[in-house]
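Residue numbers run from 1 in the order of the sequence given.
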Amino acid sequence: MSKRDYYETLGVSKGASADEIKKGYRKKAKELHPDRNADNPAAEDQFKEANEAYEVLKDADKKAAYDRYGHAAFEGGMGGGGRGHPGGQGDFGSAFSDIFEDLFGGGGGFGGQGPGRGRSRATRGADLRYNLRVTLEEAWGGLQKTISVPTSVSCGECSGTGAESGAEPTTCPTCSGMGKVRAQQGFFTVERTCPTCQGAGHKITNPCKSCHGAGRQEKERSLSVNIPKGVETGTRIRLSGEGEAGLRGGPSGDLYIFIEVRDHDIFQRDSEHLYCRVPVSMASASLGGDIEVPTIDGGRSRVKIPSGSQSGRQMRLRSKGMPRLRGGGVGDMYIELAVETPVNLTSRQKEILREFDEIAADNNPESSSFFSKVKTFWDGMKSS
């Protein structure tokens, strides 16, 4: 009996695209599936025909051969893509699995080549976070710091296999080593992780006495961390492969170190710039002079204060701030003057200040301006 044209079987035209072929097969698969056609014996054969057609037309090489030679391309050894007859039982699961993944995003399938087979079951270890507090001086100069990190490490006795030295794991009897089991759910057969071996595909009958079959042990590790100059709160440093050990020989995760810079007693930081509030006496602010201020490197800088300086006045010391973490260079340091009012005055000091106040009206420009404005305001209120 002659075979039907594969394009006709899927209900698509000969020039159909790959997406149109897949949609055609998906429609036929739903329509002809034996579970939906229990009272139609012919549906199973038609379903197999659709599967055979899709198995050829989804493959670019097979499709090209079929377009040129028709069904003869797969008869008498003319090139069946290395798998023989396109509609054999070994290909049924493969073809339908493609549609299953398209519908449900993977994780299940039919036949002997479901998505869960042949896949590595090694699991990457979890990433870890470590919070590290440093001083502002340490952030300025950078440092090499040793930290202790509690984590899971690969068991040294069994090299992470979980089995006693020399022992071999046995194939899981529930999933026959596949790591997944199938369950019928109406129209589809769905694959799930095996509950017995948790997807490993094997059982450890003779577990390692050191790690009790886990393949990992909880330990504290000491790590040397390079803290670069210029770090600030929120800076993240990644140490590749220093996280939790993987399962079943999988790679280790990463360790992320989050930096927190402590507040400083003298300096306030804004990005790469530093700010320092410096108290000065009323006399020094009035007469001017030199003062020494501390710097973040532990030294001192001499600053000249202009006469008549007021509280809040800022002066800049170039390149006395924090190193820039990216791009290089150094920020500046800003000094803010805080003029102090003398307290605990003696009688003589009070007498001198009263004399000064009487003769210094013209030396207080801001005060004179303020009271001039107040007088103008009061005069205006009286005349209204």
Original post:
Can a donor-acceptor pair be found between the side chains of Tyr6 and Glu49 at a distance below 3.5 Å?
Top reply: no
**OP:** Ignoring hydrogens and angles, tell me if any N or O in the side chain of Glu358 forms a donor-acceptor pair with the backbone of Glu355 under 3.5 Å.
**Re:** no
Original post:
Heavy-atom distance under 4.5 Å between the side chains of Glu336 and Met315, does that happen here?
Top reply: no
**OP:** With rounding to the nearest 0.5 Å, note down the distance linking CG in Leu274 to CG in Leu136.
**Re:** 6.0 Å
Subject >> Salt bridge Arg124-Asp127, side-chain N to carboxylate O under 4.0 Å >> reply: yes
**OP:** To the nearest 0.5 Å, tell me how far Met333 CE sits from His273 NE2.
**Re:** 13.5 Å
Original post:
Shared ILVMFWY cluster between Leu337 and Ile266, side chains joined below 4.5 angstrom?
Top reply: yes
Subject >> Between CD1 on residue Ile335 and NZ on residue Lys320, distance to nearest 0.5 Å >> reply: 10.5 Å
Original post:
side chain to side chain contact (heavy atoms under 4.5 Å, CB included) between Val12 and Tyr25: does it pass, once the steps are laid out?
Top reply: CA-CA 9 Å; Val12 298; Tyr25 175 65; over 6 Å; no
Subject >> Evaluation steps, side chain to side chain contact (heavy atoms under 4.5 Å, CB included), between Glu220 and Ser148 >> reply: CA-CA 6 Å; Glu220 275 207 357; Ser148 294; 3.7 Å; yes
**OP:** Using modelled atom types only, decide if a donor and an acceptor are shared between the side chain of Asp254 and the backbone of Gly243 within a distance under 3.5 Å.
**Re:** no
Subject >> Single hit among Asp59, Asp67, Asp61 for salt bridge (Lys or Arg N to Asp or Glu O under 4.0 Å) with Lys63 >> reply: Asp67
Original post:
Going hydrophobic residue to hydrophobic residue with side-chain gaps under 4.5 angstrom, can you get from Val149 over to Leu132?
Top reply: yes
**OP:** Apply side chain to side chain contact (heavy atoms under 4.5 Å, CB included) to the pair Leu287 and Ser307, showing each step before the final yes or no.
**Re:** CA-CA 5 Å; Leu287 302 174; Ser307 60; 5.7 Å; no
Subject >> Minimum heavy-atom distance Lys28-Ala50, with the two atoms named >> reply: CB-CB, 4.2 Å
Subject >> Hydrophobic cluster membership, Val293 vs Tyr275, 4.5 Å side-chain cutoff >> reply: no
Original post:
Which atom names give the shortest non-hydrogen contact between Val231 and Val261, and what distance separates them?
Top reply: O-CG2, 3.9 Å
Subject >> Heavy-atom closest pair, residues Lys229 and Gly142 >> reply: CG-N, 3.8 Å
Original post:
For the residue pair Ala139 and Arg269, what are the closest heavy atoms and their distance?
Top reply: CB-NH1, 4.2 Å
Output side-chain donor-acceptor pairs under 3.5 Å for residues 294-306, partner residues at least two apart or in another chain, one line each.
unit_1, atom_1, unit_2, atom_2, d
Thr295, OG1, Asp297, OD1, 2.5
Thr295, OG1, Gly299, N, 3.4
Thr295, OG1, Gly299, O, 3.1
Asp297, OD1, Gly299, N, 3.0
Arg300, NH1, Glu292, OE1, 3.1
Arg302, NH2, Glu292, OE2, 3.4

Original post:
At their closest point, which heavy atom of Ala285 faces which heavy atom of Val280, and how far apart are they?
Top reply: CB-CG2, 4.2 Å
Original post:
Side chains of Ser224 and Gln144: do they bring a donor and an acceptor to under 3.5 Å?
Top reply: yes
Original post:
Do you reckon Leu325 sits in the same ILVMFWY cluster as Tyr256, going by side-chain contacts under 4.5 Å, direct or chained?
Top reply: no
Subject >> Minimum heavy-atom distance Leu128-Pro150, with the two atoms named >> reply: CD1-O, 4.3 Å
Subject >> Contacts of type ring-ring contact (aromatic ring centres under 6.0 Å, His included), residue Tyr130, not counting sequence neighbours >> reply: none
Original post:
Distance from His264 atom NE2 to Glu137 atom CD, nearest 0.5 Å?
Top reply: 3.5 Å
Subject >> Trp140 reachable from Ile237 in the ILVMFWY side-chain graph, under 4.5 Å edges >> reply: yes
Subject >> Euclidean distance, Arg26 CZ relative to Ile21 CD1, rounded to 0.5 Å >> reply: 14.0 Å
Original post:
So, Glu242 and Arg221, do they make that salt bridge, N to O below 4.0 Å?
Top reply: yes
Original post:
By ring-ring contact (aromatic ring centres under 6.0 Å, His included), which residues pair with Tyr7, not counting sequence neighbours?
Top reply: none
Original post:
Out of curiosity, Lys30 NZ to Leu32 CG, how far, rounded to the nearest 0.5 Å?
Top reply: 13.0 Å
Subject >> Residue pair Ser284 / Ile291, side-chain heavy-atom distance below 4.5 Å >> reply: no
Subject >> Verdict with supporting geometry, Glu232 and Glu272, side chain to side chain contact (heavy atoms under 4.5 Å, CB included) >> reply: CA-CA 9 Å; Glu232 55 188 313; Glu272 71 270 25; over 6 Å; no
**OP:** Compare all side-chain heavy atoms of Val225 with those of Ile257 and state whether any distance is below 4.5 angstrom.
**Re:** yes
Original post:
Would you call Lys23 and Glu20 a salt bridge, taking side-chain N to carboxylate O under 4.0 Å as the test?
Top reply: no
**OP:** Please tell me if the side chains of Glu138 and Ile227 come closer than 4.5 Å, counting only heavy atoms from C-beta onward.
**Re:** no
**OP:** Verify the neighbour count for atom CG of Asp263: are there more than 12 heavy atoms of other residues, nucleotides or ligands below 6.0 Å?
**Re:** no
**OP:** Using the test side chain to side chain contact (heavy atoms under 4.5 Å, CB included), find all partners of Ser286 that sit at least two apart in sequence or belong to another chain.
**Re:** Met282
Subject >> Residue list, side chain to side chain contact (heavy atoms under 4.5 Å, CB included) with Arg316, at least two apart or on another chain >> reply: Arg318, Asp332, Tyr334
Original post:
Side chains of Cys194 and Lys180: closer than 4.5 Å at any heavy-atom pair?
Top reply: no
Subject >> Heavy-atom check, side chain of Lys22 versus side chain of Tyr54, under 4.5 Å >> reply: yes
**OP:** Could I get the full list of side chain to side chain contact (heavy atoms under 4.5 Å, CB included) partners for Glu260, not counting sequence neighbours?
**Re:** Arg133, Thr233
